[in-house]
Amino acid sequence: MDRQKAIKAVEDFLAAVGEDVTRDGLRDTPARVADMYAELLSGNNMSAEEHLSKTFEVKTGNLVLEKDIAFSSMCEHHLMPFFGKIAIAYIPDKKVTGLSKLARCVEVYAKRLQLQEQLTSQIAEAIYSTLAPVGVMVVCEAEHTCMTCRGVKKFGSKTVTYAVKGDFSQQKISEVMALLK
């Protein structure tokens with residue numbers, strides 16, 4: 001990210017909405033906002049494959065489920081946050097990754113300008129293509145501030161998306177959904 005360009009853009013935005021960027025309360029705001037966005041969008045410089053490639057051999061193909069992975073992301077339509085929890089279920093085929101690597105995979109994709117549907121699919125695809133499991137399912141439940149703070153203003157409403165890759169039967173999908181309740 002070009003920090004100086006971002007600072008200038010925030011200054012221009014504040015001026016456009018009628019603010020005095022030289023007043024005490026706003027003097028350092030453009031730099032703080034630029035730094036905040038650099039952090040919130042840091043996933044653009046990360047690779048999920050780098051994290052997921054650290055694997056361990058296993059002899060069983062039992063379901064692995066990691067749930068309640070908290071995340072926050074930025075809606076690419078409104079530049080407003082959305083946040084929630086993600087669950088990742090996969091059936092290994094001879095290898096698994098460390099549980100923290102699944103959470104790191106979530107962070108890689110969440111720390112980008114995003115759509116929830118896309119986020120869910122990207123995580124599933126990264127796990128499927130890197131770990132080569134029998135199948136993978138990712139479930140994402142999130143609250144979007146673009147729905148709660150503006151527009152329709154429906155506080156507490158949540159959106160659920162899920163993505164499935166590989167051989168993940170309807171029975172397995174039902175089992176995962178039951179485990180998530």
Side-chain angles (χ1 to χ4, degrees), residues 1 10 13 17 32-49 51-52 62-92 96-131 133-181:
M1 181 176 98
V10 175
F13 172 76
V17 297
R32 283 192 296 267
V33 171
D35 293 343
M36 174 195 68
Y37 274 100
E39 178 184 339
L40 293 177
L41 303 177
S42 62
N44 290 325
N45 303 316
M46 296 190 288
S47 160
E49 293 77 14
H51 299 294
L52 294 170
N62 295 327
L63 179 77
V64 175
L65 172 63
E66 184 170 351
K67 63 181 191 171
D68 295 331
I69 303 169
F71 78 94
S72 64
S73 191
M74 294 294 291
C75 167
E76 67 182 34
H77 292 157
H78 300 98
L79 300 183
M80 292 185 73
F82 66 97
F83 55 90
K85 293 183 179 180
I86 290 179
I88 299 170
Y90 71 101
I91 303 165
V96 295
T97 192
L99 297 177
S100 69
K101 305 311 182 208
L102 296 175
R104 289 187 190 283
C105 177
V106 169
E107 286 298 299
V108 166
Y109 294 108
K111 297 299 182 196
R112 298 176 180 188
L113 290 177
Q114 238 350 326
L115 296 174
Q116 181 176 335
E117 301 88 341
Q118 180 175 278
L119 170 66
T120 307
S121 293
Q122 287 172 333
I123 294 166
E125 179 58 39
I127 293 166
Y128 190 69
S129 64
T130 307
L131 296 181
V134 172
V136 63
M137 179 177 179
V138 176
V139 180
C140 178
E141 182 176 328
E143 186 169 337
H144 294 251
T145 59
C146 59
M147 279 197 50
T148 60
C149 297
R150 56 161 303 281
V152 71
K153 296 182 183 145
K154 295 299 178 201
F155 292 92
S157 64
K158 298 210 167 79
T159 302
V160 178
T161 54
Y162 76 91
V164 177
K165 303 285 288 176
D167 187 11
F168 218 89
S169 68
Q170 188 59 49
Q171 179 183 351
K172 281 289 183 206
I173 292 171
S174 296
E175 287 175 26
V176 169
M177 297 306 269
L179 289 168
L180 295 178
K181 289 186 177 182

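- Side-chain contact of Q114 with S73: a donor-acceptor pair under 3.5 Å is absent, judged by distance alone.
- Every side chain to side chain contact (heavy atoms under 4.5 Å, CB included) that T145 has, sequence neighbours left out, goes to M80, P81, F83, T148, C149.
- Residues H51 and E107 form no side-chain contact, since every pair of their non-hydrogen atoms from C-beta on lies 4.5 Å or further apart.
- In this structure, the side chains of L113 and Y37 stay at 4.5 Å or more apart for every pair of heavy atoms.
- Atom CZ of residue R112 and atom OG of residue S42 lie 9.5 Å apart, to the nearest 0.5 angstrom.
- When each of V106, V139, D68 is paired with I86, the side chain to side chain contact (heavy atoms under 4.5 Å, CB included) condition holds for V106 and for no other.
- Here the closest non-hydrogen pair linking Y128 and V134 is CE1-O, 4.1 Å.
- Between A89 and L65 the shortest heavy-atom distance is CB-CD1, 3.9 Å.
- For the side chain to side chain donor-acceptor pair (under 3.5 Å) test, residues two or more places apart in sequence or in another chain that qualify with E49 are S47.
- By the ring-ring contact (aromatic ring centres under 6.0 Å, His included) test, H144 pairs with F82, sequence neighbours left out.
- Side-chain contact between L52 and L102 is present, with at least one heavy-atom pair separated by less than 4.5 Å.
- Counting only residues at least two apart or on different chains, the salt bridge (Lys or Arg N to Asp or Glu O under 4.0 Å) pairs with a member in residues 149-170 are E125-K165.
- Between P133 and Y90, the closest heavy-atom pair is CB-CD1, 3.9 Å.
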Is there a side-chain contact (heavy atoms from CB on, under 4.5 Å) between K85 and C140 once you walk through the steps? CA-CA 6 Å; K85 293 183 179 180; C140 178; over 6 Å; no
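- Here the shortest heavy-atom pairing between I123 and C105 reads CG2-SG, 4.1 Å.
- If you take CD1 on I69 and CD1 on I88, they are separated by 4.0 Å, rounding to the nearest 0.5 Å.
- For the atom pair OG1 of T161 and CD of Q116, the computed distance is 4.0 Å after rounding to the nearest 0.5 Å.
- Under the 4.5 Å side-chain criterion, counting only non-hydrogen atoms from C-beta, F13 is not in contact with V33.
- Evaluation of the salt bridge (Lys or Arg N to Asp or Glu O under 4.0 Å) test over residues 34-43, restricted to residues two or more places apart or in two chains, returns R3-D35.
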Distance-only donor-acceptor pairs under 3.5 Å for side chains of residues 173-181, two or more places apart:
| unit_1 | atom_1 | unit_2 | atom_2 | d |
| --- | --- | --- | --- | --- |
| S174 | OG | Q170 | O | 3.1 |
| E175 | OE1 | K172 | NZ | 3.4 |
| E175 | OE2 | Q171 | NE2 | 3.3 |

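- Counting all heavy atoms, side chain and backbone alike, S157 lies closest to E143 at O-CG, 3.5 Å.
- Between the side chain of E66 and the main chain of A103, no donor-acceptor pair closer than 3.5 Å is present.
- Note that CD1 of I127 is 12.0 Å distant from CD of Q122, once rounded to the nearest 0.5 Å.
- Here the closest non-hydrogen pair linking A163 and A124 is CB-CB, 3.9 Å.
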